[in-house]
A.B. asks: 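Okay, handing you the structure first.
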Amino acid sequence: MKKGLSATLALCSMLLMLLSLTLGPSKISLANTIAILTGQEVGGNQGYIIWQLRLPRILASFFSGAILGCAGTVFQAALRNPMADPFILGISSGASFGVALALFIGIAPLLGFPLSALIGANLTTLFIVGMSLKRKSSDTTLLLTGVAVNYILSAAMTLLMFLHREQYQRILYWTLGSFSTSTYAQVVILTITFLLLFILLRANHQTMDMLLLDEASAHAGGLAVGKTRLLLLLAGSAASAICVSYFGVIGFIGLMAPHVTRLLVGPKHSRLLLPASLFGGFLLLASDTVARVMLPTGELPVGIITSLLGVPLFIYLLRKGRYRYG
């Protein structure tokens, strides 16, 4: 089932990429798109539009979705909660706040956006996990702590926009999400980030399975639950921070991709990681394509589309009581 699902998702993603290359204000036929991709000469600036504008954006959205799908999988395992993801827990907001704060105090040119986002995301993760360890909180309480942190960081972002109005547009950019400035250099970094995260999680799939057990059973199996949980969450947070530093806060991909895929292949992470990553990439690519072509002029922030998709699932999980494993 896993191999068939992964192959299907990979094929659907490639077909969607090809379709997305043809869509946009400059209409380019499928025949011309294929001709350009195979190195044939086509008149006008269609080659430039395909190679320099649309293709890097398509690849960036796919690999960002794959990272977020993978990160959502590890967050849900580490917290034993199918509603956990970097956005809901405030990790993405922490990364975004790190970038906004670096802009506000003028150290963004020194640190760079990825490092600023990485610091913000990992500090947020350490704070959330530290609070839970201090009070020996349940996994649900840990999730609610993350939600509260998300609200606090969102308020802080609003305050920074109010105090630093000349950077208002740049800060607002990270709160909505957009792939309009994608470059091949970013695609390379995203690809490497995804591969590193995927390899790490694939090598620890049995550990992630053990985290789904109750804490006493995991300890009995020889697992250092607190240390393992923190290391996995930091890895997922760091990968998510790379996406946020380039393209802003993009919500709910990390919630939707693992949850839907788990219904098809089950909870074993050896079967779950690859299709969850591919489905995350497909979801975000589809969302960005819709955001790009929905308006007759301009485009919507992709975060709006993913929220419209993700919020109903979040409400469904709440209504069904599916907010924990076991």
A.B. asks: To the nearest 0.5 Å, what is the distance between CZ (Phe198) and CD1 (Ile67)?
C.D. replies: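 It is 13.0 Å, given to the nearest 0.5 Å.
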A.B. asks: Has the side chain of Thr22 got a donor or acceptor atom that lies under 3.5 Å from a matching backbone atom of Leu19?
C.D. replies: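 At least one qualifying donor-acceptor pair exists.
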A.B. asks: Out of curiosity, Leu273 CG to Lys268 NZ, how far, rounded to the nearest 0.5 Å?
C.D. replies: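 Reported value, rounded in 0.5 Å steps: 13.0 Å.
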A.B. asks: Within the structure provided, determine whether Leu211 and Leu232 are in side-chain contact (heavy-atom separation under 4.5 Å).
C.D. replies: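 Heavy-atom side-chain distance check passes, below 4.5 Å.
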A.B. asks: Begin from the C-alpha positions of Arg57 and Leu53 and carry the test side chain to side chain contact (heavy atoms under 4.5 Å, CB included) through to its verdict.
C.D. replies: CA-CA 7 Å; Arg57 177 172 186 157; Leu53 299 181; over 6 Å; no
A.B. asks: Verify, without hydrogens or angle tests, whether Arg229 (side chain) and Ala78 (backbone) share a donor-acceptor contact under 3.5 angstrom.
C.D. replies: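 Present.
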A.B. asks: Can you tell if the side chain of Gln186 reaches within under 4.5 Å of the side chain of Ser64, non-hydrogen atoms only?
C.D. replies: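 Result no, sub-4.5 Å side-chain heavy-atom pair not found.
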A.B. asks: Please give me the minimum heavy-atom distance between Leu255 and Pro82, naming the atom from each residue.
C.D. replies: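 Scanning both residues completely, I find the closest heavy atoms to be CD1-O, 3.3 Å.
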A.B. asks: Can any side-chain N or O of Ser245 pair as donor or acceptor with the backbone N or O of Ile242 at less than 3.5 Å?
C.D. replies: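 Yes; at least one donor-acceptor contact below 3.5 Å.
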A.B. asks: Measure across Ser116 and Ala102 and return the closest heavy-atom pair with its distance rounded to 0.1 Å.
C.D. replies: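 Smallest heavy-atom distance, with atoms named: OG-CB, 3.4 Å.
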A.B. asks: Can you find a heavy atom in the side chain of Trp51 that is under 4.5 Å from one in the side chain of Ile36?
C.D. replies: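 The answer is yes; the side chains approach within 4.5 Å.
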A.B. asks: Report yes or no: do Leu118 and Leu110 belong to one cluster of Ile/Leu/Val/Met/Phe/Trp/Tyr joined by side chain heavy-atom distances under 4.5 Å?
C.D. replies: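 Looking at the clustering, Leu110 is in a separate group from Leu118.
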A.B. asks: Can you tell me how far apart CZ (Phe127) and CG (Leu153) are? Round to the nearest 0.5 Å.
C.D. replies: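 With rounding to 0.5 Å, CZ (Phe127) is 9.0 Å from CG (Leu153).
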A.B. asks: Find out if a path of hydrophobic residues (ILVMFWY) with successive side-chain heavy-atom gaps under 4.5 Å connects Ile50 to Leu30.
C.D. replies: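 Same cluster: Ile50 reaches Leu30 through Ile, Leu, Val, Met, Phe, Trp or Tyr contacts under 4.5 Å.
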A.B. asks: Please tell me whether Phe87 and Leu123 are part of a single hydrophobic cluster in this structure, the criterion being side-chain heavy atoms less than 4.5 Å apart.
C.D. replies: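 Yes, Phe87 and Leu123 fall within the same hydrophobic cluster.
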A.B. asks: Would Phe75 and Asp85 count as a side chain to side chain contact (heavy atoms under 4.5 Å, CB included) here? Give the steps.
C.D. replies: CA-CA 6 Å; Phe75 269 72; Asp85 91 325; 5.5 Å; no
A.B. asks: Name the one of Leu233, Asn150, Val149 that satisfies side chain to side chain contact (heavy atoms under 4.5 Å, CB included) with Ile128?
C.D. replies: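 Between Ile128 and the candidates, side chain to side chain contact (heavy atoms under 4.5 Å, CB included) is satisfied uniquely by Val149.
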A.B. asks: Passes side chain to side chain contact (heavy atoms under 4.5 Å, CB included), Leu230 versus Leu126? Steps please.
C.D. replies: CA-CA 8 Å; Leu230 178 60; Leu126 289 171; 3.8 Å; yes
A.B. asks: Rounded to the nearest 0.5 Å, what separation is found between the OG atom of Ser182 and the CZ atom of Phe63?
C.D. replies: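 These two atoms lie 12.5 Å from each other.
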A.B. asks: So does Tyr48 have more than 12 non-hydrogen atoms from other groups sitting under 6.0 Å from OH?
C.D. replies: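 Open.
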A.B. asks: Kindly indicate, with the supporting measurements, whether the criterion side chain to side chain contact (heavy atoms under 4.5 Å, CB included) is fulfilled by Met208 and Thr73.
C.D. replies: CA-CA 9 Å; Met208 294 170 65; Thr73 303; 4.2 Å; yes
A.B. asks: Taking the side chain as everything from C-beta on, heavy atoms only, tell me whether Leu264 gets closer than 4.5 Å to Pro275.
C.D. replies: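 In short, these two side chains do not touch, never coming nearer than 4.5 Å.
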A.B. asks: Only one of Leu176, Thr306, Asp288, Val244 forms a side chain to side chain contact (heavy atoms under 4.5 Å, CB included) with Ile250, so which one is it?
C.D. replies: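 Of Leu176, Thr306, Asp288, Val244, side chain to side chain contact (heavy atoms under 4.5 Å, CB included) with Ile250 is met by Thr306 alone.
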A.B. asks: Are the side chains of Leu18 and Met14 in contact, using a 4.5 Å heavy-atom criterion?
C.D. replies: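 Sidechains of Leu18 and Met14: no contact.
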A.B. asks: Taking all heavy atoms of Met256 and all of Phe279, pick out the closest pair and write down the distance.
C.D. replies: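 Nearest pair, atom of Met256 first, then Phe279: O-CE2, 4.4 Å.
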A.B. asks: When rounded to the nearest 0.5 angstrom, what distance separates CG in Leu16 from CG in Leu285?
C.D. replies: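 One finds 4.0 Å between CG of Leu16 and CG of Leu285.
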A.B. asks: Under 4.5 Å between any side-chain heavy atoms of Leu55 and Tyr184, yes or no?
C.D. replies: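 Yes - at least one pair of side-chain heavy atoms lies under 4.5 Å apart.
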A.B. asks: Same cluster or not: are Ile105 and Met161 linked, directly or through other Ile, Leu, Val, Met, Phe, Trp or Tyr residues, by side-chain heavy atoms under 4.5 angstrom apart?
C.D. replies: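 Same cluster.
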A.B. asks: Under 4.5 Å between side-chain heavy atoms, counting indirect links through other Ile/Leu/Val/Met/Phe/Trp/Tyr residues: same cluster for Phe282 and Leu309 or not?
C.D. replies: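 Same hydrophobic cluster.
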A.B. asks: Keeping Arg292 on the side-chain end and Leu23 on the backbone end, is there a donor-acceptor pair under 3.5 Å?
C.D. replies: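 Here the side-chain-to-backbone pair exists.
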A.B. asks: Main chain of Val225, side chain of Thr228: is a donor-acceptor contact present, judged purely on distance under 3.5 Å?
C.D. replies: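 Side chain of Thr228 to backbone of Val225, a donor-acceptor pair under 3.5 Å: no, none is there.
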A.B. asks: Ring centres of Phe113 and Tyr246 under 6.0 Å apart?
C.D. replies: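 No; Tyr246 has its ring centre 6.0 Å or more from that of Phe113.
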A.B. asks: To which residues is Val188 joined in a hydrophobic cluster, defined by side-chain heavy-atom contacts under 4.5 Å among Ile, Leu, Val, Met, Phe, Trp and Tyr, whether direct or through other members?
C.D. replies: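 Joined to Val188, directly or through intermediates: Ile192, Leu196.
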A.B. asks: Which heavy atom of Gln76 sits nearest a heavy atom of Leu212, and at what distance?
C.D. replies: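 It is O-CD2, 4.4 Å.
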A.B. asks: Among Leu37, Asn32, Ile34, whose side chain to side chain contact (heavy atoms under 4.5 Å, CB included) with Leu21 holds?
C.D. replies: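 Answer to the side chain to side chain contact (heavy atoms under 4.5 Å, CB included) test with Leu21 among Leu37, Asn32, Ile34: Leu37.
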A.B. asks: Go through it in stages, so that I can follow the logic: the residues are Ser20 and Thr289, the test is side chain to side chain donor-acceptor pair (under 3.5 Å), and I'd like the CA-CA distance, side-chain angles, deciding distance and then a yes or no.
C.D. replies: CA-CA 6 Å; Ser20 185; Thr289 302; 3.1 Å; yes
A.B. asks: Can you tell me if Gln52 has over 12 outside heavy atoms packed within less than 6.0 Å of its CD?
C.D. replies: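 Correct, the count exceeds 12.
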A.B. asks: Return the minimal non-hydrogen interatomic distance between Leu197 and Cys70, and the atom names on each side.
C.D. replies: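 Closest approach of Leu197 to Cys70: CD2-CB, 3.8 Å.
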A.B. asks: What's the separation between atom OG1 in Thr124 and atom CD1 in Ile119, rounded to the nearest 0.5 Å?
C.D. replies: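 Reported value, rounded in 0.5 Å steps: 11.5 Å.
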A.B. asks: Which pair of heavy atoms, one from Ser96 and one from Val249, lies closest together, and at what distance?
C.D. replies: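 Distance-wise, the nearest heavy atoms are CB-CG2, 3.4 Å.
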A.B. asks: Would you find a donor on one side and an acceptor on the other, under 3.5 Å apart, between the side chain of Gln206 and the backbone of Ser270?
C.D. replies: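 Absent.
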